[in-house]
Enquirer: 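Below you will find the structure I want to go over with you.
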There are 2 protein chains.
Amino acid sequence: MSYSIGQVAEKLGITIDTIRYYDKSGLLPFVKRNEIGRREFTDNDLHLMRTIVCLKNAGVSITDIASFISLRLDGDDTLDQRYQLLKAHEQDLQQQITDLQDTMSYLRFKEWYYETATEAGHEDIHFVPGTNEVKPELDQEYDAHLKTTDQLDELARFANVKDYRLRKN
Amino acid sequence: MSYSIGQVAEKLGITIDTIRYYDKSGLLPFVKRNEIGRREFTDNDLHLMRTIVCLKNAGVSITDIASFISLRLDGDDTLDQRYQLLKAHEQDLQQQITDLQDTMSYLRFKEWYYETATEAGHEDIHFVPGTNEVKPELDQEYDAHLKTTDQLDELARFANVKDYRLRKN
DNA sequence: ATATATGCTGGAGCTGACTTCAGGACAAGC
DNA sequence: GCTTGTCCTGAAGTCAGCTCCAGCATATAT
């Protein structure tokens, strides 16, 4: 059982052109061609391509994914290198998530700012009277916000660790 | 008290050129110039620019940030629009975080895959005997993973909601 | 047998977000 | 009065990651 490029595009939710671009970029050296030169994808190819798409979603560059794939072709000697590569990107990803969560809490703070301003009908409830400057104590309000999300984050980290241990045992 | 473009770049951790680029792109219409045409940034400008940098971190495009800023210039009538804009980007951001968390759990799964393979010394412990195909039950292993992170996510959502309610009261 | 769909390639084009460059103005210290 | 440092502008260049195009081959349906 094999799939055409169009079917794969459908299954993975990416375009045909993107798949061809990935192939050009050395991400799909394992994909075989049939007699008339068309790509034929196996279930296993799909499996691997899901990993590729996933790494891409994690913000891993095409070049880095290519090295990962090329390590794979070199066989069992590179298992540990591949593990290390993933581990490194996990760190990266955790950082990205933390950053986004911080941004989120800043957004929530700004929402509160506009929510209260809308209720009041004018923005200057947050200004120093007689100026166009934001009240300094708003920074503290923001800090308080950051703190609650930090706690959330710790909670998440704890849950992750637990999850990790469960899997290992 | 005002700051030069260099000082602001330093404070915000971005380059001078990036600031000028933002200005060109209409993100900084509020920044005033001195007699000889140089930009002079106030504390309030810095405040706003922090919001801009934050929106950028949240993956909001320059064009969208520009509309936000332009709404701001239109005064109190646009308070609700600005709130809605932020709210929309919050949804977006939440989606991004969820996506990254999914990716993370896939990465963790792959790490387990390579960890166990490294221990065994060869990758084929995960293959269907006699082939180069990954065992189908590994998909279930992956699914199990996804499930634990979904729970985590719900936990996080619950915590967020609680946090939100605390703020509103 | 012809129309339609799907595939192929090489190469050009596009978008977003910068980054660099050429050429020049002003300010301060020596 | 000269050097050094910081600033200005418009315009061109860069990079990643696609996306589109021309021109052609093959497969299926009518």
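Because only heavy atoms are used, hydrogens play no part in the values below, and waters and symmetry mates are left out as well, while side chains stay in. Chain letters run A, B, ... following the sequence lines, proteins first and then strands; every chain starts at 1.
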Enquirer: Kindly say if Arg20(B) contacts the phosphate of dC8(D), meaning a side-chain N or O under 4.0 Å from OP1 or OP2.
Expert: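 Yes.
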Enquirer: Between Arg72(A) and Leu48(A), is a side chain to side chain contact (heavy atoms under 4.5 Å, CB included) present by the stated rule, with each step listed?
Expert: CA-CA 10 Å; Arg72(A) 223 192 80 95; Leu48(A) 249 161; 3.4 Å; yes
Enquirer: Using a 4.0 Å heavy-atom cut-off to protein, can you give one letter per nucleotide of nucleotides 16-22 of chain C, 5' to 3': B if the base is in contact, S if only the sugar-phosphate is, - if neither?
Expert: -BBBB--
Enquirer: I'd like to know if Arg38(B) reaches the base of dT6(D) with its side chain, counting only an N/O donor and acceptor under 3.5 Å.
Expert: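 Yes, a donor-acceptor pair under 3.5 Å.
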Enquirer: Take the protein atom CD1 of Ile5(A) and the nucleotide atom C1' of dA25(D), then report the distance between them rounded to whole Å.
Expert: 15 Å
Enquirer: What does Ser25(A) touch in the nucleic acid at a heavy-atom separation under 4.0 angstrom: a base, only the sugar-phosphate, or nothing?
Expert: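 Nothing, no heavy atom under 4.0 Å.
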Enquirer: Please tell me which of the listed nucleotides, dT9(D), dG7(C), dA27(D), lies nearest to the side chain of Ile36(A)?
Expert: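 Out of dT9(D), dG7(C), dA27(D), the nucleotide with an atom closest to Ile36(A)'s side chain is dA27(D).
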Enquirer: If I take atom CD in residue Gln7(B) and atom P in nucleotide dG5(D), what distance separates them, rounded to the nearest angstrom?
Expert: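 So the two atoms are 17 Å apart, to the nearest Å.
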Enquirer: Quick check: does any side chain N or O of Ser25(B) sit under 3.5 Å from a backbone N or O of Leu27(B), one acting as donor and the other as acceptor?
Expert: no
Enquirer: Reckon Arg39(B) has a side-chain N or O less than 4.0 Å from the OP1 or OP2 of dC7(D)?
Expert: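 For dC7(D), neither OP1 nor OP2 has a side-chain N or O of Arg39(B) closer than 4.0 Å.
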Enquirer: Any side-chain to backbone donor/acceptor pair from Asp45(A) onto Thr42(A)? Under 3.5 Å, distance only.
Expert: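 Yes; at least one donor-acceptor contact below 3.5 Å.
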Enquirer: Find the distance Leu28(B):CG to dT9(D):P and express it as a whole number of Å.
Expert: 12 Å
Enquirer: I need the Ile97(B) CD1 to Asp92(B) CG distance, nearest 0.5 Å.
Expert: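 That separation rounds to 11.0 Å.
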Enquirer: Rounded to the nearest angstrom, tell me the gap between atom CG in Asn34(A) and atom C1' in dG7(C).
Expert: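 Rounding to the nearest Å, CG of Asn34(A) and C1' of dG7(C) are 10 Å apart.
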Enquirer: Round to the nearest Å and state the distance from Glu35(A) atom CD to dA25(D) atom C1'.
Expert: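 Glu35(A) atom CD is separated from dA25(D) atom C1' by 14 Å.
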Enquirer: Grab the CG-C1' distance between Asp23(B) and dG10(D) for me, whole Å please.
Expert: 14 Å
Enquirer: Between atom CG in Leu55(A) and atom P in dG17(D), what is the gap in whole Å?
Expert: 13 Å
Enquirer: Tell me which residues in residues 66-73 of chain B put a heavy atom below 4.0 Å from DNA chain C, sorted by number, or none.
Expert: none
Enquirer: Looking only at non-hydrogen atoms, find the nearest pair between Ala58(B) and Thr103(A) and report the distance.
Expert: CB-CG2, 3.2 Å
Enquirer: Please test Arg20(A) against Ile16(A) for side chain to side chain contact (heavy atoms under 4.5 Å, CB included), starting from the C-alpha separation and ending with a verdict.
Expert: CA-CA 6 Å; Arg20(A) 283 204 273 253; Ile16(A) 291 180; 3.5 Å; yes
Enquirer: With no hydrogens and no angle check, is any side-chain donor or acceptor of Asn57(A) less than 3.5 Å from a backbone partner on Cys54(A)?
Expert: no
Enquirer: Hey, is the main chain of Asp64(B) close enough, under 3.5 Å, to the side chain of Ser61(B) for a donor-acceptor pair?
Expert: yes
Enquirer: What's the CD-C1' distance between Glu10(A) and dT6(C), to the nearest Å?
Expert: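 For the pair Glu10(A) CD and dT6(C) C1', the rounded distance is 14 Å.
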Enquirer: Using only atom types and a distance under 3.5 Å, with no angle test, would you say the side chain of Gln7(B) pairs donor to acceptor with the backbone of Phe41(B)?
Expert: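 A pair under 3.5 Å: no.
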